[in-house]
Amino acid sequence: VLVEREQGLLTLRLNRPDKKNALTRTMYAGLAEALSQAERDSDVRAVLLTGGTECFTSGNDVADFIQAPPTGPDSEVFRFMRTLFDFAKPIVAAVSGPAVGIGTTLLLHCDLVYVSRDARLKMPFVSLGLCPEFGSSLILPRLLGHARAAELLLLGEAFGGEQAVAWGIANQVLDDGAATLAKAREMALGFQRLAPTAVLDGKRLMRAPGREELRRVIEEEGALFGQRLRSPEAIEALSAFMQRRPADFSRFA
Ligand code: COA
């Protein structure tokens, strides 16, 4: 994760292009640490999260899921989720190319989201023998209705940048990765001109309704996710991804 500072804007760039920015435990720890520092540093007015101009992230590193699944609430991934969930300052995301798994669900916890036309968002948790995470099982049915959310969360259907805007998951679609990053940066820099405490108060009020319920759901999803990662169904699906073959769930019928 590359951390850059420009005036009051902290940019966190996922930078593992050979693995499509798949998130390792070290990267989650780096993101959580950078967010915690940004929270404490009063000169930081906003954070920009990006994967660069080609790819946002292919989600959790699948090899990590197999070899070193999270063991409990203190695991790096859950610490990252809690830090983002509790982050008080505005966070802006610039999304190009694939945004898989947590690459899509984390957007539900950002304040402004800009997507490129080629963005491809996908939450294939159930297809991987897993379950929805990071509050998506609560937020998406409320935002989209159960039927549409079921297409995304149970069938794992992918959707594009324009659809993300139409559904209220993103603010605006831009032509390509460079334009997306430029727009997100411009909007994030805009927070510097605003009254900082008023911005924090505004965000806190907007996030307050239903917050404790959402926190509980995230914990429940996390506990089940940890169990499912160790299930034969998930082991088959994750191994199939690594072996570049379709998963075969026929023996689980
Ligand atoms: N974890 C680990 N490695 C990953 C990965 C992940 N989440 N996503 C991609 N990679 C690796 C691939 O194994 C490949 O490695 P290799 O070059 O050593 O063989 C490399 O990144 C490039 O990926 P590839 O699939 O060849 O690129 P693509 O452009 O055809 O497809 C994606 C890109 C993101 C659409 C595809 O990799 C994908 O669907 N990944 C999703 C993984 C996933 O299900 N994540 C969700 C976890 S909840």
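First listed ligand is number 1; within each ligand, the first listed atom is number 1.
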> Is Lys89 salt-bridged to Glu39, going by a charged N under 4.0 Å from an acidic O?
Replying inline: no

> Within a distance of under 4.0 Å, is there any protein heavy atom near atom 36 (C) of ligand 1?
Replying inline: no

>> One thing to verify: whether Arg216 and Glu219 come together as a salt bridge, which I'm taking to mean a side-chain N less than 4.0 angstrom from a carboxylate O.
In response: no

> Below 6.0 angstrom between ring centroids: does that apply to Phe225 and Phe65?
Replying inline: yes

>> What protein heavy atom lies closest to atom 20 (C) of ligand 1? Include the residue and the distance to one decimal.
In response: Asp18 O, 3.4 Å

> Nearest to atom 38 (C) of ligand 1, what protein heavy atom do you find, and at what distance?
Replying inline: Phe241 CE1, 4.0 Å

>> Considering Met242, Glu54, Lys19, Arg244 one by one, which has a heavy atom nearer to atom 19 (O) of ligand 1 than any of the others?
In response: Arg244

> How about Arg230: does its CZ atom have over 12 heavy atoms from other parts shown lying under 6.0 Å from it?
Replying inline: yes

> Which of the numbered atoms in ligand 1 are below 4.0 angstrom from a heavy atom of Leu128?
Replying inline: 44 (O), 46 (C), 47 (C), 48 (S)

> Within 45° of the six-membered ring axis of Phe85 and under 6.0 Å from that ring's centre, is NZ or CZ of Arg211 located there?
Replying inline: yes

>> Tell me whether atom 31 (O) of ligand 1 lies less than 4.0 Å from at least one protein heavy-atom position.
In response: no

> Relative to ligand 1, is Pro98 under 4.0 angstrom through side chain, backbone, both or neither, heavy atoms considered?
Replying inline: side chain

> Quick one: do Glu236 and Arg245 make a salt bridge, cutoff under 4.0 Å?
Replying inline: yes

> Short question: side chain of Arg82, backbone of Pro73 - any donor-acceptor pair under 3.5 Å?
Replying inline: yes

> Which option, Lys20, Arg120, Arg16, owns the non-hydrogen atom nearest atom 23 (O) of ligand 1?
Replying inline: Lys20

> Which residue from Leu130, Val100, Thr105 reaches closest to atom 46 (C) of ligand 1 through any of its heavy atoms?
Replying inline: Val100

> How close does the nearest protein non-hydrogen atom get to atom 1 (N) of ligand 1, and which residue and atom is it?
Replying inline: Val62 N, 2.8 Å

>> Taking CD in Glu54 as the centre, count heavy atoms belonging to other residues, nucleotides or ligands within less than 6.0 Å. Is the count above 12?
In response: no

>> Looking only at protein heavy atoms, which one is nearest to atom 43 (C) of ligand 1, and what is the separation?
In response: Ser58 O, 3.7 Å

